[in-house]
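Have a look at the structure below, then the notes.
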Amino acid sequence: MRVCFRSSIKPALIDEYKRRHAAVWPDMLRALKEAGWNNYSLFLGTDGLLVGYVECDDFDAARARMALTDVNTRWQAEMATLFENSGQAPDEGFQVLEEVFNLDAQLGAADTTASRSATS
């Protein structure tokens with residue numbers, strides 16, 4: 001499954017957020033991969049809007065696997081002060097966005113429809 005989510009970084013701390021993500025701890029990187037976070041990217045706007053994208057088997061399960069790791073607990077504590085809602089761990093405040101369009105899915109459906117029409 002593909003998941004897109006949003007959160008918010010305090011605008012005054014954007015440079016610090018970028019600095020920390022320029023060199024994520026190797027054990028955190030490995031934990032994410034082992035927990036099933038694939039093709040994971042973060043995008044950050046100049047206003048602090050943070051958008052994440054990840055491919056995984058099940059987002060809730062992948063988050064639960066990360067929650068069991070010590071490195072995630074340490075990372076979330078380090079990052080919490082940078083987020084707008086610092087009353088919770090950053091990874092608990094993700095707002096999942098609904099996917100409303102996917103080019104590959106629609107192309108596949110269009111190709112299948114065209115193929116059926118050509119054989120009818």
Inset, instruction - Carefully, step by step, assess Arg6 and Leu50 under the rule side chain to side chain contact (heavy atoms under 4.5 Å, CB included). - result: CA-CA 5 Å; Arg6 65 171 291 202; Leu50 179 70; over 6 Å; no
Inset, instruction - Sequence neighbours left out, what pairs pass salt bridge (Lys or Arg N to Asp or Glu O under 4.0 Å) with at least one residue falling in residues 28-41? - result: none
Legend entry - Asp70: partners by side chain to side chain contact (heavy atoms under 4.5 Å, CB included), with sequence neighbours left out: Arg74
Legend entry - Parallel, tilted or perpendicular: rings of Phe94 and Phe5 (30°, 60°): parallel
Inset, instruction - Go through the structure and list residues passing salt bridge (charged side-chain N to carboxylate O under 4.0 Å, His left out) with Glu99, not counting sequence neighbours. - result: Arg2
Legend entry - Flag for Gln106-Asn102: side-chain donor and acceptor within less than 3.5 Å: no
Inset, instruction - Report yes or no: do Val54 and Val96 belong to one cluster of Ile/Leu/Val/Met/Phe/Trp/Tyr joined by side chain heavy-atom distances under 4.5 Å? - result: yes
Inset, instruction - Scan residues 103-115 for pairs that pass salt bridge (Lys or Arg N to Asp or Glu O under 4.0 Å), counting only residues two or more places apart or in two chains. - result: none
Legend entry - Path from Leu103 to Val51 over hydrophobic side-chain contacts below 4.5 Å: no
Inset, instruction - Calculate, to the nearest 0.5 Å, the distance between atoms CE and SG belonging to Met66 and Cys56 respectively. - result: 12.5 Å
Legend entry - For Arg63, salt bridge (charged side-chain N to carboxylate O under 4.0 Å, His left out) partners two or more places apart: none
Legend entry - Asp47 to Pro11 - nearest heavy-atom pair and separation: O-CG, 3.5 Å
Legend entry - Candidate pair Tyr53 and Leu97, rule side chain to side chain contact (heavy atoms under 4.5 Å, CB included), full reasoning: CA-CA 10 Å; Tyr53 173 83; Leu97 304 175; over 6 Å; no
Inset, instruction - Would you check, one step at a time, whether the test side chain to side chain contact (heavy atoms under 4.5 Å, CB included) holds for Ser8 with Phe83? - result: CA-CA 6 Å; Ser8 297; Phe83 283 77; over 6 Å; no
Inset, instruction - Please name the pair of heavy atoms, one in Ile14 and one in Gly45, separated by the smallest distance, quoted to 0.1 Å. - result: CD1-O, 3.7 Å
Inset, instruction - Group every Ile, Leu, Val, Met, Phe, Trp and Tyr by side-chain heavy-atom contacts under 4.5 Å, then state whether Leu49 and Leu82 land in the same group. - result: no
Legend entry - Verify same cluster id: Leu32, Met1 (apolar side-chain graph, 4.5 Å): yes
Inset, instruction - Determine, using the 4.5 Å side-chain heavy-atom cutoff (strictly less than), whether Phe43 and Val3 are members of one ILVMFWY cluster. - result: no
Legend entry - Heavy-atom check, side chain of Asn72 versus side chain of Met28, under 4.5 Å: yes
Legend entry - Ile9 to Leu44 - nearest heavy-atom pair and separation: CG1-CD1, 3.8 Å
Legend entry - Tyr40: ring-ring contact (aromatic ring centres under 6.0 Å, His included) partners, not counting sequence neighbours: Trp37
Legend entry - Side-chain heavy-atom pair Arg20, Met79 within 4.5 angstrom cut-off: yes
Inset, instruction - Apply the salt bridge (charged side-chain N to carboxylate O under 4.0 Å, His left out) test between Arg65 and each candidate in Asp57, Asp58, Asp91; give the one that qualifies. - result: Asp57
